[in-house]
Amino acid sequence: IIDGKKDALRKGDEALAHQVGEGKDIMSILLKANMTAMDTEKLTDEEVIAQMSVLMLAGMDTTSNALSRTLELLAQNPDTQTKLRSEILDARNGESTIDYDDLVKLPYLDAVCRETLHLYAPVGRLVCHAAKDVMLPLFKPVRDKNGRMLDAVPVPKGTAIILDLQGSNYNKELWSEDAHEWRPERWLSPLPAALDEARLPAVYSNIMSFSGGSRSCIGFKFSQLEMKVVLSALLAAFEFELTDKEIVWNSAAVSFPTMGLQSEKPEMLLKVRAV
Ligand SMILES: *[C@@H]1O[C@H](CO)[C@@H](O)[C@H](O)[C@H]1NC(C)=O
């Protein structure tokens with residue numbers, strides 16, 4: 001693919017127009033940017049391919065599966081779906097689009113997106129490695145095997161650590177007893193005080209789904225916008241209903257749906273009706 005794109009770029013606009021994406025695809029844009037970049041910023045083929053993997057896995061699979069999950073939840077909760085649709089239609093006010101400023105401020109749409117990302121992190125777990133020896137402070141003290149209470153644990157350099165992002169999102173001590181319930185309304189009133197005190201490193205509303213710190217998700221603003229754009233367009237036009245087949249969510253680097261336990265094919269069927 002990369003060789004084909006380079007070839008088309010060399011031959012000019014006419015050849016690009018015959019390419020998938022007509023030269024507006026992300027790989028062509030990266031290659032074009034590389035031509036004008038300063039020497040120190042130029043990328044090799046290997047780096048461009050690595051960037052494409054990141055964009056597909058971290059940039060596309062995550063948000064598209066989060067959107068599928070939202071549609072499933074809206075199909076399961078028809079009242080929420082109706083309420084959200086009327087907020088969107090009101091904001092459209094007869095037009096076919098909603099301005100950016102208005103879209104990002106819609107309170108119920110925002111609550112539905114937040115709550116879905118809170119309860120169903122597309123990437124539920126991350127693995128990282130300690131770059132140096134550290135004492136890792138604990139949220140709550142634990143008893144070690146000798147009966148001593150510890151409020152921090154030593155982590156030697158190089159230790160692999162599984163960060164349970166979803167586990168933090170589910171923590172009843174932080175999010176209250178209904179932490180496991182999909183309840184967009186939770187975002188329409190102040191969050192529990194325990195969350196402020198916990199000082200989670202999350203970059204987004206105490207939700208760990210985009211991780212935290214300097215390695216947090218660089219696409220988190222973009223993905224929220226993408227979810228809102230797609231949902232507002234779909235809900236204005238269609239109603240979503242469950243079928244009689246079971247939807248199963250599979251644990252993977254990015255969670256994905258299949259129809260039934262036996263299937264391995266990523267897909268999610270819903271009944272869709274024009275409104
Ligand atoms: C980026 O530009 C440099 C310098 O022209 C070139 O050597 C390199 O192959 C280009 N990278 C890609 C991915 O085309």
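In listed order, ligands and their atoms are each counted from 1. Since this is a predicted model, take the numbers as computed values, not measurements.
- When distances from atom 14 (O) of ligand 1 to the protein are checked, a heavy atom turns up under 4.0 Å.
- The nearest protein atom to atom 3 (C) of ligand 1, hydrogens excluded, is given as Lys42 CD, 3.4 Å; this is a heavy-atom distance.
- Ring geometry for Phe210 against Tyr204 counts as perpendicular: the plane angle is over 60°, on a 0 to 90° scale with 30° as the lower cut.
- At a heavy-atom distance under 4.0 Å, only backbone atoms of Thr44 (N, CA, C or O) approach ligand 1.
- Trp182 and Trp187 have their aromatic ring centers separated by at least 6.0 angstrom.
- Which parts of ligand 1 touch Val48 is read off a 4.0 Å heavy-atom cut-off, strictly below it: atoms 13 (C).
- By the criterion of a heavy-atom distance under 4.0 Å, both the backbone and the side chain of Asp45 are placed next to ligand 1.
- Of the possible polar contacts, one joining the Thr36 side chain to the Ala33 backbone as a donor-acceptor pair under 3.5 Å is found.
- With hydrogens and angles disregarded, a donor-acceptor distance shorter than 3.5 Å links the side chain of Arg85 to the backbone of Phe238.
- A salt bridge links Arg10 with Asp7: at least one charged nitrogen is closer than 4.0 Å to a carboxylate oxygen.
- For ligand 1, the polar-atom distance check finds an N/O of Lys6 within less than 3.5 Å of one of the ligand's N/O atoms.
- Between Trp175 and His180, the ring center distance fails the sub-6.0 Å criterion.
- Atoms of ligand 1 lying under 4.0 Å from any heavy atom of Leu31, numbered from 1 in the order shown and given with element: 12 (C), 13 (C), 14 (O).
- Side-chain polar atoms of Ser209 and Asn169 form a donor-acceptor pair below 3.5 angstrom.
- Here's the thing with Leu43: one of its N/O atoms is less than 3.5 angstrom from an N/O atom of ligand 1.
- Heavy-atom proximity to atom 12 (C) of ligand 1, evaluated over Leu9, Asn34, Leu30, is greatest for Asn34.
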